[in-house]
Amino acid sequence: MTPAELAQSLHAVLTGLVAHGAVALSAEDLPQEIVVERPRQREHGDWATNVALQLGKKAGMTPRDLAALVAARLAAEPGIAKVDVAGPGFLNITLEAAAAGRLAQAIVEAGPAYGTNDALAGERINLEFVSANPTGPIHIGGARWAAVGDSLARLMQACGAEVTREYYFNDHGAQIDRFARSLLARARGQEAPEDGYGGAYIEEIASRVVADAVAAGEPDPTHLADDAAQEIFRARGVALMFDEIKATLHTFGVDFDVYYHEASLHESGAVEHAIARLRELGHVYESEGATWLRTTEFGDDKDRVIVKSDGDAAYIAGDLAYYLDKRERGFDRAIIMLGADHHGYIGRMMAMCAAFGDTPWVNLEILIGQMVNLVKGGEPVRMSKRAGTVVTIDDLIEAVGVDAGRYGLARSSADSAIDLDLDLLASRSNDNPVYYVQYAHARTANIARNAADLGVRREDGFDPSLLDHPSESALLGKLAEFPRVVAQGAELREPHRVARYLEELAGVYHKWYDQQRRVVPFGEEEVSDGHRTRLWLNDATRTVLANGLGLLGVSAPERM
RNA sequence: GCCCCCGUAGCUCAGUGGAUAGAGCGUCGGACUUCUAAUCCGUUGGUCGCAGGUUCGAAUCCUGCCGGGGGCGCCA
């Protein structure tokens, strides 16, 4: 019996009480979703609900009296051992071992589907993340969005959404020009320009641009006039840099469905189209030689220039066009993940969304994630793109591997700035919780192998009433929480909840392993239903660990 | 000045109104002749930044302060 099933039973009981006039409430007063949770104290039972506390006042009775009414009826339901009223009016529910234990079989049979739901079924979501400019390798901050964004996409897919992962590829504008000038200068053996980029990768890309051009039978671009040379370095350099970024992300387990070129918005007329649309809607005006969007009408602090007085589109014009394009491509919801340094854009972006007639925070959602600070030897690491002292995803992968890197970045709330201790991560010690979780999975796999060798087969028997040890009850309860974690993680856009849950699950599993060790028969012992049933439980745990790690894009090793 | 995020154990961090606030690491001490000790058990550890408010109940919601981080361009 799962918490969701209990919630249904509770709802049925309450509906019955209302129908019989035992409680002065109408059916609409009942909460849509009755919260059934694990009580903190295990001795309080398997599950608890505060529903009587919530409804007591509305029903004109004390929460305890209401709880007592519910308890009497709920206790009569099959599979429920007892229902207690505690404290101010909590209902503490204890299940019969068999009712709790059947979950093990249900999980194994559901396999990869266990934990999924259809809360977002039919919803088309465009999730834009990373979107780092191709002027250098992706640094540690971008790595955080790669890990968190990809996991969020997986979570929303687990809830039935159709998710498109999108990377907005800025190949247009002043930063790209600086990048091209930096490449050219380096190729000519000159100092990087004042506002340019430094670092070894500039040298590498610059020499590859020259080599590629020569190999293609073109003249050495270093010898061309500045403008022509710079254009070659821009086009080829951006392409090379972007290929590297894609390859790195792929190694990191993150692949995008769409790489959207900013330049294409300007070339295709999408920008003019968006501006024309806004003009039609009456939100555009001309002033001081520039074209403005009246964002203040929709809550922004000031109006925004969309076409500068020199006739060039302002950066936000690209955002306007891009958002409209996403909507016209059929997405119900555009979600954009940005770093904390971009939070100031939220106001204008939401105003822009409203100006198009859409609903802010429904059709457009902006997630802000805080910074990643690096610590090495107890000292903060200063990063500088110009000096080339940037810690990149590649550095991270090299130091700790993909699994530890992704897990380390995804296990903290994006609302918190995190300190990544490079020494700790690089030490490859078991301080890293990813090993704790992965080891639990490897252990389940190992037990399954041993069981198979000794003739313990799931299909030969399953008796859930045998799962009556406290550590088994704890493990079953934790397994039952998984679907709720998935649903909440997706709804709140907080993949870190999955990681935290897995750490808890691994903990109760390791404890069970330590206290039971009875999946495989010892010595002359005959294989019994006890062994088989515990194998079901072992394999159910394995299923959930694998499903959870899958949501984080972290591997679930069979052996460690 | 205005806006956003954070402030919870020595450290890194969980905890979207519920019961005695948790985990890992760290300290100290235990457990491998049987399925992986990358594990487990015990021990140590807290004015949840401060002050008010909301209510049956606040780490959680509201207001004000304090401290840390980030941001407030006809840059991209």
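The sequence lines fix the lettering, A, B, ..., with proteins before strands; numbering per chain opens at 1.
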Under 4.0 Å: is that the gap between some side-chain N or O of A:Tyr436 and OP1 or OP2 of B:C40? yes
Is the aromatic ring centre of A:Phe90 closer than 5.5 Å to the centre of the six-membered base ring of B:A19, with the two planes inclined by less than 30°? yes
Stems involving RNA chain B, each a run of at least 3 consecutive Watson-Crick or G-U pairs under 3.5 Å: B:1-7 with B:66-72, B:10-13 with B:22-25, B:28-31 with B:39-42, B:49-53 with B:61-65
Would you classify A:Ala86 as touching base, sugar-phosphate or nothing, given that sugar-phosphate means primed atoms plus P, OP1 and OP2, and contacts are heavy atoms under 4.0 Å? base
Checking all strands, does A:Asp341 fall into the base, sugar-phosphate, or nothing category for heavy-atom contacts under 4.0 angstrom? sugar-phosphate
Classify the nucleic acid contact of A:Ile447 as base, sugar-phosphate or nothing, counting any heavy atom under 4.0 Å across all strands shown. nothing
Using a 5.5 Å cut-off between ring centres and planes within 30 degrees, is A:His343 stacked on the base of B:G71? no
Polar atom pairs between nucleotides 54-56 of chain B and protein, under 3.5 Å, N or O only, would you list them?
| unit_1 | atom_1 | unit_2 | atom_2 | d |
| --- | --- | --- | --- | --- |
| B:C56 | OP1 | A:Lys57 | NZ | 2.2 |

Between atom OH in A:Tyr501 and atom C1' in B:G15, what is the gap in whole Å? 17 Å
If you look at every strand shown and take non-hydrogen atoms under 4.0 Å, does A:Ala440 touch a base, only sugar-phosphate, or nothing? nothing
In whole angstroms, the gap separating C1' of B:A76 from CZ of A:Phe169 amounts to 15 Å
Touch class at under 4.0 angstrom, heavy-atom based, for A:Ser309 against every strand present: base
Applying a 4.0 Å non-hydrogen cut-off, can you work out what A:Asp310 is touching in the nucleic acid: base, sugar-phosphate, or nothing? nothing
